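Data block below; observations after.
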Amino acid sequence: MLSAVAVGVQVTMVLTLVGVSRGMLADMANRSRGVGAEIVVRAPGSSLIGFSGNFSDKFVELLRTQPHVTAVAGTLVQPIGGINSITGIDLKTFNAVSGGFRFLEGGPFRQPNDLIVDDVYARGNSTHAGDIITLPNGKWRVVGVVESGKLSRMFADLTVLQDLSANNGKITTAFLKLDDPANTASVIAELKKKLPDNPIYSTEELVSLMSIDSIPMLKNFIWVVITLAVLIGFLVVFLSMYTAVLERTREIGILKALGATPAYVLGILLRETTLLAVIGSILGIIMTYGTKFLINTFVPSMAQVIVPDWWPRASAIAIGAALLGALYPGLKAARQDAIEALAYD
Amino acid sequence: MTDGPIIETRDLKKIYRVGDVDVAALRGVNLSVKRGEFVSIIGPSGSGKSTLFHILGGLTPPTSGSIHIDGQDLLAMSEAGRTALRKRTVGFVFQKYNLLPTLSAADNIAIARDIAGVRGEPDEAFQQILRLLGIDKRLHHKPRALSGGEQQRVAIARAVVNHPAILLADEPTGNLDTGNSDAVLKLLRDLNERLGQTILMITHNPEAAEYGHRIIRMRDGRVVDGSSAP
Ligand SMILES: Nc1ncnc2c1ncn2[C@@H]1O[C@H](COP(=O)(O)OP(=O)(O)O)[C@@H](O)[C@H]1O
Ligand SMILES: [Mg+2]
């Protein structure tokens, strides 16, 4: 029974990791869409997820003069450790692209060290408008709490953040709003000629890239966790089967005295192991609802989703690891000498 | 089927190697048992009675000599051959019942059929055996809910469900009180008389031994008396 729980934990581990990864990517995609831009221009040499590299904000003026472009917002992202970052925005242009924030508390920037946070951050950190918070890059006054879903969880004024991070006149990304989404492809084609070094995406393209498969680091990390899970499952089942076989020496001896072949004995043990792994897998799937509740309650900035398409995969992994773990003890049992097993004590 | 003896051994030896020491459990057993006989085996502890059963039942190979059971040569037999012998030709009953504790009485009997690859409902002959054993009402119980006498009767049912040529009972009444002992012994005699079941029974109790047609005495790994039918 304990080993069924262990198998369950192993399944939960994999499902939670995949669920969190996918949830966060979906959240990221959602927030990217929430900017309201049709086209995204990134800094030369930047990767999809990382925010390395920047380019001059002079390009913003150039982009704004392009045909069909109605508004451009340059932003600068400053990572502040972990998965958190502050996005520098010019409130006027950002509102022009996104249609403006919906303030739940407080209002827009008034002073240089003013910070706007979204409701998810506010909930997770029990922050309210008027609070002073200390971040790795300094002290900030929370001036407003806005509805989440627009690009970032924390916003500061663009020029303030440029000064603070010694990136004067630099931006990481420019968001372009068009007169008509139908013009997206043609505008991108034009832009690629003028800015050959910058990665240029349509928002939809960018969002479609936000999947586990297109982020090698995340994919590798998931593989590491799966390998760990297999190892844990293997060891747990190996140890529990090993002791079970020792405890059941006599029963196995009885079966052999009745004429059971080694294959018959092995079959019984492997069937029991499969049952245990199946129960464990079901338990593990149920437990992901628990981890989802815990994560979404205590770490709201990490969104976990339930991933039913991974249920068969995680279960197969668990059952495979369990069978592998049962194989050696099972073979040992199958070869056991019946007389010794039945020896009167 | 041959008319010859169902069990025939000549100068049967079994030597166990324990570390660097050879332990001679059987030192040359000559034995002949006819089909349908009920034979009691008595002898002091360590005289090789159980070892003889283990060889007859294919649980361990003999070291030398010749041994034929139901026409099969056990000396030439592989492990797989001995497994098949246990499956079809012999049935074991032990002093300690040796029922599987997690299975009901009925399933303990069913698993012996499953191991032998027999499908479907038990045949009429076996139903008759169950009635004979008087346990047909207790079959859904787990072993721990049964008395010693009941457990031993389930063990006997399990041993004969596949209609083995010989039934080997190693001190089947060793753990039972007089009442239950008598019941089990009468059952064995009934199995023998009504169904012609060949039975070899080891016992310490001279009264129990009297249930057999013939008493074989063993000492120091040899049969000293009663080695063939009178
Ligand atoms: N598996 C074994 N390994 C080593 N020695 C054994 C083994 N089984 C029995 N013996 C030895 O063989 C001898 C005969 O034992 P056994 O056949 O059990 O006698 P009995 O059943 O008449 O009491 C004893 O000396 C016993 O110690
Ligand atoms: Mg003995």
Side-chain angles (χ1 to χ4, degrees), chain A residues 1-5 7 237 239-280 322 326-345, chain B residues 14 16 18 25 45-46 49-61 78-103 108-118 143 155 158-162 164 168 170-171 174-175 202:
Chain A
M1 201 56 231
L2 207 65
S3 32
V5 173
V7 170
V237 172
L239 291 175
S240 71
M241 264 298 157
Y242 201 85
T243 35
V245 163
L246 287 181
E247 279 166 7
R248 292 160 69 188
T249 301
R250 190 174 196 94
E251 282 180 56
I252 292 160
I254 295 168
L255 290 172
K256 299 205 97 180
L258 290 173
T261 58
Y264 188 93
V265 174
L266 186 64
I268 288 182
L269 294 173
L270 293 187
R271 271 202 298 280
E272 278 177 20
T273 305
T274 308
L275 184 71
L276 177 129
V278 167
I279 292 173
L327 199 60
Y328 175 74
L331 284 172
K332 197 175 146 74
R335 280 202 234 100
Q336 188 173 283
D337 185 62
I339 300 178
E340 269 169 47
L342 292 170
Y344 299 165
D345 32 10
Chain B
K14 176 69 182 181
Y16 284 112
V18 183
S45 228
K49 306 181 298 294
S50 293
T51 301
L52 176 63
F53 269 29
H54 292 156
I55 293 173
L56 291 174
L59 283 171
T60 189
S78 66
E79 177 61 44
R82 282 194 297 277
T83 299
L85 184 85
R86 296 200 291 272
K87 207 184 286 192
R88 296 187 221 296
T89 312
V90 298
F92 277 105
V93 174
F94 302 92
Q95 178 177 353
K96 285 196 168 171
Y97 327 131
N98 279 338
L99 298 177
L100 294 162
T102 53
L103 301 182
N108 262 282
I109 298 169
I111 200 167
R113 283 164 50 79
D114 186 56
I115 287 171
V118 186
R158 182 180 65 182
V160 299
V161 65
N162 295 319
L168 301 172
D170 192 344
E171 303 194 37
N175 275 5
I202 295 172

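In this text the structure is predicted, and so the values were computed from the model without any measurement. Just so it is clear: chains get the letters A, B, ... in the order the sequence lines come, proteins before strands, and each one is counted from 1.
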Point to revise | Nearest heavy-atom neighbours spanning A:Ala322 and A:Thr273 | key: O-CG2, 3.5 Å
Practice item. Compare all side-chain heavy atoms of B:Asp170 with those of B:Val93 and state whether any distance is below 4.5 angstrom. Key: no
Check your understanding: Is a side-chain donor or acceptor of A:Lys256 paired with a backbone partner of B:Thr83 at a separation under 3.5 angstrom?
Key -> no
Exercise for review: Among the options A:Thr261, A:Leu255, A:Asp337, A:Ile254, pick out the one with the most heavy-atom pairs lying under 4.5 Å from chain B.
Suggested key: A:Ile254
Check your understanding: Are there more than 12 heavy atoms of other residues, nucleotides or ligands under 6.0 Å from atom OH of B:Tyr16?
Key -> yes
Exercise for review: Go through the atoms of B:Ile111 and report whether side chain, backbone, both or neither lie under 4.5 Å from a heavy atom of chain A.
Suggested key: both
Point to revise | Part of B:Asn162 within contact of chain A (heavy atom distance under 4.5 Å) | key: neither
Practice item. Name the option with the most non-hydrogen atom pairs under 4.5 Å to chain A; the candidates are B:Ala112, B:Pro101, B:Gly57. Key: B:Pro101
